[in-house]
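Just so we're clear, the structure is a prediction, and the values are computed from it rather than from any experiment.
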Number of protein chains: 2
Amino acid sequence: MISYRDNIVFILAKAHQRAQASLKARLQPFSLTPMQCLFMEALWEEDGLSVGEIGRRIALDTATLAGILDRLVTAGWVRREVDSQDGRVARVYLTEKGTGAIGTLAETMEQTNDDLLKGFSQEERLLLKRLLKDFRD
Amino acid sequence: MISYRDNIVFILAKAHQRAQASLKARLQPFSLTPMQCLFMEALWEEDGLSVGEIGRRIALDTATLAGILDRLVTAGWVRREVDSQDGRVARVYLTEKGTGAIGTLAETMEQTNDDLLKGFSQEERLLLKRLLKDFRD
DNA sequence: GTAGGTTATCTTGTATACAAGAGGTTTATA
DNA sequence: TATAAACCTCTTGTATACAAGATAACCTAC
């Protein structure tokens with residue numbers, strides 16, 4: 001019988017907790033949360049995505065996305081438009097403010113990534129990423 | 001410039017998401033969430049812990065613990081008592097219901113751990129755990 | 001013995017997360 | 001072209017998470 005301390009679900013939860021806290025602190029100057037930033041990164045990859053497509057790319061429920069989108073719209077980072085072809089679809093675009101900041105935001109995320117991994121060798125980094133990507137039930 | 005898809009914060013968040021979902025599904029029959037179960041595992045390790053000590057062991061804010069504790073008390077899994085020596089301290093004990101179920105709950109957590117790791121070799125499992133434990137800013 | 005600092009917990013406010021269901025839009029099909 | 005089926009988004013309810021402040025109990029120095 002192993003302790004919860006050695007359970008991968010627990011270990012993973014706590015590593016995730018530390019990673020989130022690190023990124024959160026670095027995004028504080030922008031008044032953006034990690035998820036809000038990630039949402040915008042998806043739009044940087046492809047602007048004008050639908051809410052559902054954003055959810056598929058960053059693996060989030062539309063119920064969760066609704067709140068994040070609301071706050072991003074209120075803060076002026078993105079705007080929401082109904083698709084002209086399909087009235088069901090809500091498309092999201094970066095505003096000028098969003099476009100102006102997205103490069104710096106991406107750098108912040110990348111810097112966080114590098115700092116979190118700085119204690120590991122190149123082999124360990126690749127291995128960790130591979131194991132986590134393969135990780136599923 | 002790397003994509004958010006290769007960022008360790010994102011990869012970690014999604015692996016965590018899958019692990020939580022897997023454990024959550026297995027705990028459904030008990031009407032317990034992963035965090036509620038983890039809280040009880042801490043008490044199995046040492047019954048009568050204070051709220052603060054539980055928070056240190058499972059790395060959770062007392063604000064978060066308050067809600068979890070409330071729900072566990074309401075459902076009859078644990079009881080809350082003020083320490084006889086120190087009126088500030090709230091001690092938590094497993095009830096009879098809690099004690100009766102904790103073994104099965106621990107087995108469920110362990111089974112989840114095993115299933116999540118079944119695709120990995122023994123070496124990979126140890127490596128993954130070590131890398132995640134070392135993982136910090 | 002009491003003022004003042006420390007400690008432990010609780011409360012409030014904000015932000016994820018997801019299940020489940022509602023509502024509106026489009027598409028398929030008879 | 002009705003009408004059912006499918007699709008997309010939004011809303012509601014529950015459960016983490018944490019920051020910041022409030023509250024109550026304890027302890028220390030004088």
Side-chain angles (χ1 to χ4, degrees), chain A residues 9-10 12-25 27-28 30-40 49-56 58-75 77 80-92, chain B residues 9-10 12-25 27-28 30-40 48-75 77 80-92:
Chain A
V9 183
F10 177 70
L12 204 46
K14 296 311 151 184
H16 165 245
Q17 197 178 41
R18 295 193 293 273
Q20 287 289 308
S22 176
L23 181 54
K24 182 181 176 183
L27 290 174
Q28 199 94 38
F30 304 95
S31 292
L32 281 169
T33 64
M35 262 310 145
Q36 288 165 8
C37 182
L38 184 61
F39 187 112
M40 288 174 68
L49 289 173
S50 70
V51 171
E53 179 58 25
I54 294 171
R56 272 185 292 280
I58 67 179
L60 272 191
D61 206 80
T62 58
T64 305
L65 290 174
I68 296 172
L69 176 53
D70 280 352
R71 285 181 283 278
L72 285 174
V73 169
T74 301
W77 297 104
R80 185 186 172 291
E81 265 178 42
V82 176
D83 188 286
S84 54
Q85 308 294 306
D86 187 338
R88 292 169 303 181
V89 175
R91 299 210 167 274
V92 187
Chain B
V9 182
F10 177 69
L12 203 46
K14 296 312 151 185
H16 165 245
Q17 196 178 42
R18 294 193 293 274
Q20 287 290 308
S22 176
L23 180 53
K24 182 180 177 183
L27 290 174
Q28 199 94 38
F30 304 95
S31 293
L32 281 169
T33 64
M35 262 308 145
Q36 288 164 8
C37 181
L38 185 60
F39 186 111
M40 289 174 67
L49 289 173
S50 70
V51 171
E53 180 58 25
I54 294 170
R56 273 185 292 280
R57 295 200 187 193
I58 67 179
L60 272 191
D61 206 81
T62 59
T64 305
L65 290 174
I68 296 171
L69 176 54
D70 280 352
R71 285 181 283 278
L72 286 175
V73 169
T74 300
W77 297 104
R80 186 187 171 289
E81 265 179 42
V82 176
D83 187 286
S84 55
Q85 308 294 306
D86 188 338
R88 294 169 303 181
V89 175
R91 299 210 169 274
V92 188

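Here the straight-line distance linking atom CG of A:L12 with atom CD of A:Q17 works out to 11.5 Å at 0.5 Å rounding. The structure places CD of B:Q20 at 9.5 Å from CG of B:L27, a figure rounded to the nearest 0.5 Å. Note: B:L72 CG to B:R80 CZ = 13.0 Å, rounded to the nearest 0.5 Å. Expressed to the nearest 0.5 Å, how far NZ of A:K14 lies from CG of B:L60 amounts to 4.5 Å.
To the nearest angstrom, P of D:dC8 lies 15 Å from CD of A:Q85. The distance from atom CG of A:D83 to atom P of D:dC8 is 11 Å, rounded to the nearest whole Å. Per the geometry, CD1 belonging to B:I54 stands 15 Å off C1' belonging to C:dC10, to the nearest Å. As a whole-Å value, the separation of A:D86 CG from D:dT9 P is 8 Å.
Taking every heavy atom of both residues into account, B:W77 and B:F30 meet most closely at CZ2-O, 3.6 Å. The minimum heavy-atom distance between B:R57 and A:F10, with the atom names listed, is O-CZ, 3.8 Å. Closest non-hydrogen pair, B:V89 versus B:S50, comes out as CG1-CB, 3.6 Å.
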At under 4.0 Å between heavy atoms, how does the protein contact nucleotides 12-23 of chain D? Give one character per nucleotide, 5' to 3', with B, S or -. B--SBBBB----
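The residue A:E53 sits apart from the nucleic acid: no heavy atom pair falls under 4.0 Å.
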Report, one pair per line, the protein and nucleotides 3-6 of chain D atoms (nitrogen or oxygen only) whose separation is under 3.5 Å.
none

Distance-only check: which donor-acceptor pairs under 3.5 Å involve side-chain atoms of residues 31-39 of chain B, not counting sequence neighbours?
residue : atom : partner : partner atom : Å
B:T33   : OG1  : B:Q36   : N            : 3.2
B:Q36   : OE1  : B:T33   : N            : 3.2

